[in-house]
Colleague: 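Have a look at this one.
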Amino acid sequence: MTYNSKVYQILEANTPKYYPENLSYGLKDLSPVINKQTMNFHYNEHYKGYIKKLNELLVNKPKPPIVELIKNIKKYDTGVRDNAGGYYNHSLFWKFITPKGSKFDSNSELGKAIKDEFDSFNGFKNKFIETGKSQFGSGWVWLVKKNNKLEVLSTPNQDNPLMGNNGRPILGCDVWEHAYYLMNGPDRSQWLSNFFSVIHWNHCNTLYISD
Ligand code: MN3
């Protein structure tokens, strides 16, 4: 059979391209900050749902690497924006956290940059919590690196800072109700505060120094 590039392109375009990231811990391992039921719904229902929908929306269409799609989101409609953001944001989020957290190292590159930008770790923590609390409705709060500086900002829905060229995520917290309601009810401040005890600071530092 001769190689037919047109047929190959059609097959390629129809192949699901986006897959869930595996978790490096068990669904119950973040408990009590994130209980097993929340992790199960969040990972198996919400996260996999965004991926399934994204693959469906882009069937017969090019499927670039997810970070490229996110950076070029203006070329796509709202459905792709929401589901691609949901996929990418959560893929990042599962790695921002680890059972019991990893110790914040004030002598790491990220630790020094946080002190430079926010005066102290607590200055940063307060700003992150306050920004997450102030995001009206569903969204995310982020620590980003932009022009070699750190900034804290929030995004609505499943938007990612890269969609608006607003910096590269170093840390982010999901402030959708599905992320915390089973543990914290409507108390988003408590969720954001508890989130600090499961942050994977070693991973965040690796992201910070990686460019
Ligand atoms: Mn979520």
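Indexing begins at 1, ligand by ligand and atom by atom, following the structure's order. Numbers for residues simply follow the sequence, beginning at 1.
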Colleague: If I consider every N, O or S atom in His178, which one ends up closest to the Mn ion (ligand 1)? I only need its name.
Modeller: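 Of the nitrogen, oxygen and sulfur atoms in His178, the Mn ion (ligand 1) lies nearest to NE2.
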Colleague: Going by the side-chain hydrogen bond (donor to acceptor under 3.5 Å, both in side chains) test, name the single residue among His90, Glu21, His203 that passes it with Lys95.
Modeller: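 Among His90, Glu21, His203, the one meeting side-chain hydrogen bond (donor to acceptor under 3.5 Å, both in side chains) with Lys95 is Glu21.
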Colleague: Measure centre to centre between the rings of Trp94 and His42, then say whether the value is under 6.0 Å.
Modeller: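 Centroid separation for Trp94 and His42: below 6.0 Å.
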Colleague: May I ask you to decide if Val33's main-chain N or O and Asn194's side chain share a donor-acceptor pair within less than 3.5 Å?
Modeller: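 Checking the backbone N and O of Val33 against the side chain of Asn194, no donor-acceptor pair under 3.5 Å is found.
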Colleague: Got a sec: is His46 within less than 2.8 Å of the Mn ion (ligand 1) via an N/O/S atom?
Modeller: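 Checking the Mn ion (ligand 1) against His46, no N, O or S atom falls under 2.8 Å.
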Colleague: Tell me, please, whether Phe118 has Lys127 positioned over its six-membered ring: NZ or CZ under 6.0 Å from the ring centre and within 45 degrees of its axis?
Modeller: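 Judged by the rule (NZ or CZ under 6.0 Å from the ring centre, within 45° of its axis), Lys127 is not positioned above Phe118.
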Colleague: Of all N/O/S atoms in Asp174, which lies nearest to the Mn ion (ligand 1)?
Modeller: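 Relative to the Mn ion (ligand 1), the closest nitrogen, oxygen or sulfur of Asp174 carries the name OD2.
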Colleague: Could you tell me the angle subtended at the Mn ion (ligand 1) by NE2 of His90 and NE2 of His42, rounded to 10°?
Modeller: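 About 90°, to the nearest ten degrees.
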